Amino acid sequence: METFGKRYHPPGTPPGTLTRHTTSDTTHIHLFEYDGENFSETHSPTQQQCQDAQQNTLVDWLDVTGVNDPIAIRELGETFGLHPLALEDILNSGQRPKIDFHEQHAFLILNLPHLIEDDIVLEQVSVFVGNGHLLSFCSGDGAAFEPVRQRLRQGFGRIRTRGVDYLLYALVDVVIDSAFPLLEDIGEQIEVLEDRVLENPDKAILNTLHQLKRDLLLLRRALWPQREVISRLIQHDAELVNATMRPYFNDCYDHAVQIIDLIETYREMLSGMLDIYLSSLSNHMNDIMRVLTVVGTIFIPLTFIVGVYGMNFDYMPELQWRSGYFIVWGIMILLAIGMLLAFKWRKWL
Amino acid sequence: METFGKRYHPPGTPPGTLTRHTTSDTTHIHLFEYDGENFSETHSPTQQQCQDAQQNTLVDWLDVTGVNDPIAIRELGETFGLHPLALEDILNSGQRPKIDFHEQHAFLILNLPHLIEDDIVLEQVSVFVGNGHLLSFCSGDGAAFEPVRQRLRQGFGRIRTRGVDYLLYALVDVVIDSAFPLLEDIGEQIEVLEDRVLENPDKAILNTLHQLKRDLLLLRRALWPQREVISRLIQHDAELVNATMRPYFNDCYDHAVQIIDLIETYREMLSGMLDIYLSSLSNHMNDIMRVLTVVGTIFIPLTFIVGVYGMNFDYMPELQWRSGYFIVWGIMILLAIGMLLAFKWRKWL
Amino acid sequence: METFGKRYHPPGTPPGTLTRHTTSDTTHIHLFEYDGENFSETHSPTQQQCQDAQQNTLVDWLDVTGVNDPIAIRELGETFGLHPLALEDILNSGQRPKIDFHEQHAFLILNLPHLIEDDIVLEQVSVFVGNGHLLSFCSGDGAAFEPVRQRLRQGFGRIRTRGVDYLLYALVDVVIDSAFPLLEDIGEQIEVLEDRVLENPDKAILNTLHQLKRDLLLLRRALWPQREVISRLIQHDAELVNATMRPYFNDCYDHAVQIIDLIETYREMLSGMLDIYLSSLSNHMNDIMRVLTVVGTIFIPLTFIVGVYGMNFDYMPELQWRSGYFIVWGIMILLAIGMLLAFKWRKWL
Amino acid sequence: METFGKRYHPPGTPPGTLTRHTTSDTTHIHLFEYDGENFSETHSPTQQQCQDAQQNTLVDWLDVTGVNDPIAIRELGETFGLHPLALEDILNSGQRPKIDFHEQHAFLILNLPHLIEDDIVLEQVSVFVGNGHLLSFCSGDGAAFEPVRQRLRQGFGRIRTRGVDYLLYALVDVVIDSAFPLLEDIGEQIEVLEDRVLENPDKAILNTLHQLKRDLLLLRRALWPQREVISRLIQHDAELVNATMRPYFNDCYDHAVQIIDLIETYREMLSGMLDIYLSSLSNHMNDIMRVLTVVGTIFIPLTFIVGVYGMNFDYMPELQWRSGYFIVWGIMILLAIGMLLAFKWRKWL
Amino acid sequence: METFGKRYHPPGTPPGTLTRHTTSDTTHIHLFEYDGENFSETHSPTQQQCQDAQQNTLVDWLDVTGVNDPIAIRELGETFGLHPLALEDILNSGQRPKIDFHEQHAFLILNLPHLIEDDIVLEQVSVFVGNGHLLSFCSGDGAAFEPVRQRLRQGFGRIRTRGVDYLLYALVDVVIDSAFPLLEDIGEQIEVLEDRVLENPDKAILNTLHQLKRDLLLLRRALWPQREVISRLIQHDAELVNATMRPYFNDCYDHAVQIIDLIETYREMLSGMLDIYLSSLSNHMNDIMRVLTVVGTIFIPLTFIVGVYGMNFDYMPELQWRSGYFIVWGIMILLAIGMLLAFKWRKWL
Ligand SMILES: [Mg+2]
Ligand SMILES: [Mg+2]
Ligand SMILES: [Mg+2]
Ligand SMILES: [Mg+2]
Ligand SMILES: [Mg+2]
Ligand SMILES: [Mg+2]
Ligand SMILES: [Mg+2]
Ligand SMILES: [Mg+2]
Ligand SMILES: [Mg+2]
Ligand SMILES: [Mg+2]
Ligand SMILES: [Mg+2]
Ligand SMILES: [Mg+2]
Ligand SMILES: [Mg+2]
Ligand SMILES: [Mg+2]
Ligand SMILES: [Mg+2]
Ligand SMILES: [Mg+2]
Ligand SMILES: [Mg+2]
Ligand SMILES: [Mg+2]
Ligand SMILES: [Mg+2]
Ligand SMILES: [Mg+2]
Ligand SMILES: [Mg+2]
Ligand SMILES: [Mg+2]
Ligand SMILES: [Mg+2]
Ligand SMILES: [Mg+2]
Ligand SMILES: [Mg+2]
Ligand SMILES: [Mg+2]
Ligand SMILES: [Mg+2]
Ligand SMILES: [Mg+2]
Ligand SMILES: [Mg+2]
Ligand SMILES: [Mg+2]
Ligand SMILES: [Mg+2]
């Protein structure tokens, strides 16, 4: 994950300035219109088609993926009466999740986490909802919404028979729930690490621990505010969310809280494992030093003794003793045994 | 305990989808009906028996254990008018404790911790309560409720003469109090560890410390929200909890708070013990190094001296001295004594 | 202090079950009745005497010490109309401090800490107060209340001329203030440790540090909630606490807050000292290793050199040089001085 | 950044005392007056010009940079009716961000962070706003406001057609957004450190880590309260901020929160990296000690053996054996191989 | 600073007991009476003079320094109608800052920190204010109030023309602002330590770090609650603080918050520095061990080799080789160079 991960204009830029960012995905626009009986899907709708959709009684979903086309997005803003600062937020992805209540519609920003080649990537999902239409802007390719598009196309489940609030729920549900597979995966990595950290605390573990901590920290920054967003969406006393939809958004809220719970739990687990890792290293060092100390403490004095009788003094009485050599061996063996017993007694062996 | 421990559908699944999970216990359904005078217990009641129970004035307890039968549970949902998202929560066990107030009944999710072969396992207990009936769903075998079933069967205590709120209290009380034997056991393990960590900081302690920290972390995640659940149950100003039952639920609340207190206290104790463990290891290392340093510092210079007089130079005057050998011994003994005194003075011996 | 320290019934026990605990003190009951003019003290009052006391206009204090007699306590409960769950809390000592407002009286639980042979022990003090009578139950021998009993007997101070709320204040004040001598003692131990930890970080310090941390943690658990209890007692808008008594309970509140402040401050001091201890150990280890390294680094190369000239090759030209031996000594002395200078430069000496 | 960074008078100085601080920038005063049609800019306006500006219907911006001239600032205070304590805050820079609502105007203090030669410097921006005029005082040279001055001079964007609240927004927006380039830069430094800390934990990293932690701590102290300032500005129900300006100040609030989020995230990253650094050092030490132990444990016993046969005893039978020398070599080689295998088995090699 | 620092009576002492503490300063009482035109100062006023002062329309400041005279203080209490528990708080210095609102006056306790011979000492300042008179009690010599006394005597500034609330402000301002010179001094000590901790982590630093942490912890305990005291003073909707005085007390509040901010920042800086210190120590240890390992690893094998050719076997073919000695030298030099290269490659040199 990116550390900074936020786009911004140089300080002093006039508000509402819309800029193309070179790393953005290509903009694709789809218009879904439906009710219980009807369903249509239009690729790259014209401005006229958009205005017509606003007039009729069908539910409209303007599904924008990729945000590399500031001109198209400004045009949509004019057609649907969107605030220039909201459009700026859509293009400058990396925003904090939030909900703003404008006059005509609510404006939500959420983060959809997913894996691209083992790296966690955040896709910013910005949604305007109100007056029977919903506009969603994905900073990436919007592939996560494919199940919702399929449910709409195939008329599967309740989705076509309900209003724009059900569509909002379906999209928010996808965004929130996207964190579960990621977190399950992290949970499995943590369980694998737990076994290794106690038995074999090598350098690779340190690397993995660090990587996981960092990812969870950035995930927490990205996902923590979403609980507040959904809570404010539920509490907003307007016609935005129908009473029968409350249990659905409550369910999203539960999931948002569970995700925060999991992230915090994992973070504390990793903190604990780093402590265990450090202790394991110290244990290891103790083992190493104990071996050196045992070997050194036994052989250094013995080497001194044999050194003594390697001296070349003309007069060294012991050297002439018939059994001198064997007496020295005896003393050395007794010394070694004594030291071994001392180490045994200290539980160093 | 399981790290992730939550079941979920793939993101984008329509809400209210009910799936069988292969690891679930087999579903058993019992219907208890009673008042001050009457008592009946029906195994695997038919849909008709359930509907009759709803009509009559007896208190009904539909006691479901094991949740591996989505079809039976969907049927119960239809009979008693339960929300599909609530049923989804029952089957996808591993939910966070919560209370939802629906139109007809309150819906509670609680976690019942118990030991299976020294491993802490969480059984999810989901309860619908309202209108003179109570439905409980245990994700496991529901053995913890056996004392309540016995009190009902034997008409022991107040339980048969009171309403459905007393039954709710009896069940919630069992769920909350189940943590006490576990925590008492953990408390004893901590006391044992405390003695060992200061005297003999071995690797097994590290393992146990880590295991206990992990269990307490997961227990905290599972039990912390229960305080809030009971608090909201007490504060909910409806006919759900009779005024005379308030002190009973207050008692449950006290216990829920005491459990959180104990968990937090144990967690801080374990954190403290890990610090002590690390300090003990460092102490130990100091002991080891001190021995090596004392032995090395005394004998390495002595070995040098005997090495000097082991050299084979043709002209080394000391070697011819009559008492050269003894002078060298004298110097070496003085040197050794001097060093021992220096170590004594530094308190290394 | 005990780690778990709570008594509880097996999960599923009917509420209000009263059990004798073998470790409880023997139950003694005293009845004090007084007003400005009258004073009487009755040992082991009969049920009739208790009922009479309730009727007359004197202030009644039923002073129960030791809770090993469930039958006597159940009888008192019936005489004074006490809730069975409250009686259960009295016998199952180790409760969290709390205040419950029943119809007829307020029910308080507080913890009175005191020293028994250098070990901190918590005595649970449970108080019912209302309608001109006060019942107090001490889980221990209630010796801490002796000054209050003496003030009553000797008519000293204001106590006899005031109502039951002043008596409540006098008892609560004793319970709260009992922590001060303990904390003063801990403060002195900390000051002694502070001096030792920097100069002489031995193993005994670690033991004491750990013991103090543990005691403060358990004291915090026991005393922290008392602030809330007194705060709720003051805020409860009933005739329970007379307006002229407010400043007195405010004073208790100040003390409860000061105690929490002291505990938190001591805890942070001990945390800080453990860090200092670890750093001191590392410093120590550095000292030890530096000595070994200096000695080893000087003498190991010198020993190699003398080893070279101890070799027995037939042709080693230096050995025949007249001044070979002295040249070698010269080289070795220069080498040693060079190394000593290098160590000096690195500030290792 | 400066650690203390606050100017203050000696305790006991009368309130409202204005003192020249020798390190302040030179005071420059510019008066901008404009509406949709008109625009004028006056350097060093006279007191009369200031009073005229207050009377007319144009928007007035009195742009003061540098605060080393207490007399000029007291004069402005008299002309515009500013509170002497507010003037004291302007001259004693290093204040905490705050907003005060006086009778005639709101008084804001904000911190504008920027880089001067790689060192983060805080410029205090103090603003009075109300009644169609705005006075801003920069403790530094106010260069950060140049884009706003340019937009005014060139009539670019909406700024000239809007009221004093839009000007306030434009200035606040610059102050808040100034943190982004700084934080992006810190984020890049952190990413560079992350790679180095695992591979090559040298002393320079420790220095950089410490520097970054310190800067973030001081930045947090300086910027954290700005969220509250903007929040109170938005919530203040007066004519100060026009309804159409709410979304603009909400946007500032979003940025203030994002900045706090980034700072906290970076702080936790750096904390994590210090732990990793310590673990890396321990790993490193283990590597070093393992080499010494392997070499020592193999060669110390071998050196003892050769020492044995270097002794000069008259009677040492092995020395006369024809193949004694080769047998010793064989034993030593076997011993060395055995030890190497033991190390291999322990994974020390 | 004192660790416990609180005076208290033995538990069970009747409330309002006033005791002389042997370490208190001698009590001096001064009575200041003034308005715009008049000013008088009376040393040791009689009870009658105090009663007269209460009656007349002048502002009265009864300035008491030193609290070793319980009888004089009880007399003042009777003259001005002060609560006995408040008087107890004045004599038992070491109280937590607080504000109590009595019927006739407000009662404040604040802590005035100052340096006595490099040691931080807390002077308790207790103030009664109401009805045109103010009584202040300093537990020490009250020297900090001298500038206020001088402003009164010399009629300098606004102080003589304002009411008792301005006098309260002047005193509170002195108490709060007294922390700034102390904190500036601590900030400078921290900056000095920062440079030393990275370059030369010696034992004296550890001592200073510990001392500063401890002082800041105790300062925090003493000063933290003052923010709340001033906030409650401002919010109290009585005639106590005149509307025109609000900005003055707001200014005090700002300073109280800045002080807390500084203390917290310094505490985190010191925590960070202890981590850096530990890392520096580990770095240092690595340096030491690396030297020992390099020297040992090169010379221990070489010493073994020369030992081999120091053996006295009758048959050792190499010894007779003409160039044996030089070949051994060659091998040893190659070995040493090889090892040096290996160390270079591992970056140990
Ligand atoms: Mg901008
Ligand atoms: Mg969901
Ligand atoms: Mg759910
Ligand atoms: Mg957090
Ligand atoms: Mg934690
Ligand atoms: Mg943490
Ligand atoms: Mg920590
Ligand atoms: Mg779902
Ligand atoms: Mg219970
Ligand atoms: Mg209870
Ligand atoms: Mg927590
Ligand atoms: Mg803690
Ligand atoms: Mg912790
Ligand atoms: Mg129970
Ligand atoms: Mg008290
Ligand atoms: Mg008091
Ligand atoms: Mg705490
Ligand atoms: Mg802290
Ligand atoms: Mg702490
Ligand atoms: Mg001042
Ligand atoms: Mg901005
Ligand atoms: Mg924005
Ligand atoms: Mg913080
Ligand atoms: Mg953290
Ligand atoms: Mg933090
Ligand atoms: Mg007292
Ligand atoms: Mg001030
Ligand atoms: Mg100020
Ligand atoms: Mg804090
Ligand atoms: Mg911190
Ligand atoms: Mg901290």
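Worth knowing before you read on, the calculation uses all heavy atoms, side chains too, and leaves out hydrogens, waters and symmetry mates. The shown structure was predicted, so the numbers you read here are calculated from the model rather than taken from an experiment. To find a chain, count down the sequence lines: A is the first, B the second, and so on, and within it residues start at 1.
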### Query
How far apart are the C-alpha atoms of L274(C) and I276(B), what are their side-chain angles, what is the distance that settles it, and do they pass the side-chain contact (heavy atoms from CB on, under 4.5 Å) test?
CA-CA 8 Å; L274(C) 199 65; I276(B) 298 293; 4.2 Å; yes
### Under 4.5 Å from a heavy atom of chain C, the part of I159(B) involved
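Neither part, no heavy atoms under 4.5 Å.
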### Listed partners of I331(B) passing side-chain contact (heavy atoms from CB on, under 4.5 Å), at least two apart
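Scan of I331(B) (side-chain contact (heavy atoms from CB on, under 4.5 Å), adjacent residues dropped) gives I327(B).
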### Contact class of M332(C) relative to chain B, heavy atoms under 4.5 angstrom
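Side chain only.
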Short donor-acceptor separations (under 3.5 Å), chain B to chain C:
unit_1: R151(B); atom_1: NH1; unit_2: G12(C); atom_2: O; d: 2.7
unit_1: R158(B); atom_1: NH2; unit_2: P15(C); atom_2: O; d: 3.1
unit_1: E184(B); atom_1: OE1; unit_2: Y8(C); atom_2: OH; d: 2.6
unit_1: E191(B); atom_1: OE2; unit_2: T3(C); atom_2: N; d: 3.4
unit_1: E191(B); atom_1: OE2; unit_2: T3(C); atom_2: OG1; d: 2.7
unit_1: E194(B); atom_1: OE1; unit_2: R214(C); atom_2: NE; d: 2.9
unit_1: E194(B); atom_1: OE2; unit_2: H210(C); atom_2: NE2; d: 3.3
unit_1: E194(B); atom_1: OE2; unit_2: R214(C); atom_2: NE; d: 2.7
unit_1: D254(B); atom_1: OD2; unit_2: K98(C); atom_2: NZ; d: 2.6
unit_1: Q258(B); atom_1: OE1; unit_2: K6(C); atom_2: NZ; d: 2.9
unit_1: Q258(B); atom_1: NE2; unit_2: Q95(C); atom_2: OE1; d: 3.0
unit_1: D261(B); atom_1: OD2; unit_2: R96(C); atom_2: NE; d: 3.2
unit_1: E268(B); atom_1: OE1; unit_2: R267(C); atom_2: NH2; d: 2.8
unit_1: E268(B); atom_1: OE2; unit_2: R220(C); atom_2: NH2; d: 2.9
unit_1: N283(B); atom_1: ND2; unit_2: Y277(C); atom_2: OH; d: 2.9
unit_1: N312(B); atom_1: N; unit_2: Y309(C); atom_2: O; d: 2.7
unit_1: N312(B); atom_1: ND2; unit_2: G310(C); atom_2: O; d: 3.0
unit_1: N312(B); atom_1: ND2; unit_2: M311(C); atom_2: O; d: 2.8
unit_1: N312(B); atom_1: ND2; unit_2: N312(C); atom_2: OD1; d: 3.1
unit_1: D314(B); atom_1: N; unit_2: L319(C); atom_2: O; d: 3.0
unit_1: E318(B); atom_1: OE1; unit_2: Y325(C); atom_2: OH; d: 3.4
unit_1: E318(B); atom_1: OE2; unit_2: Y325(C); atom_2: OH; d: 2.7

### Task
Could you tell me which of V294(C), I300(C), V328(C), I298(C) has the largest number of non-hydrogen atom pairs under 4.5 Å with chain B?
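With the most close heavy-atom pairs to chain B, the winner is V328(C).
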### Task
Return the option, out of L217(C), V308(C), L278(C), with the maximum number of heavy-atom pairs under 4.5 Å with chain B.
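That would be L217(C).
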### Query
Picking from L171(B), V174(B), L262(B), which has the most non-hydrogen pairs under 4.5 angstrom with chain C?
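Result: the option with the highest number of such pairs is L262(B).
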### Message
Within the structure provided, determine whether L218(C) and M269(B) are in side-chain contact (heavy-atom separation under 4.5 Å).
### Response
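In short, these two side chains touch, coming nearer than 4.5 Å.
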### Test item: P11(C) and P181(B) side chains (from C-beta on) under 4.5 Å apart, heavy atoms
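They are in contact (side-chain heavy atoms under 4.5 Å apart), so the answer is yes.
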### Query
Distance from F4(C) atom CZ to I190(B) atom CD1, nearest 0.5 Å?
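Going from CZ on F4(C) over to CD1 on I190(B), the span is 11.5 Å.
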### Query
So with a 6.0 Å cut-off around CZ of F326(C), is the heavy-atom count from everything else above 12?
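Check passes, neighbour count above 12.
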### Query
Of all heavy-atom pairs between I288(C) and M289(B), which one has the smallest distance, and what is that distance?
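Taking I288(C) first and M289(B) second, the nearest heavy atoms are CG2-O, 3.9 Å.
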### Task
For G324(C) and F313(B), work out which heavy atoms get closest and say how close.
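Heavy atoms of G324(C) and F313(B) come nearest at C-CE2, 3.4 Å.
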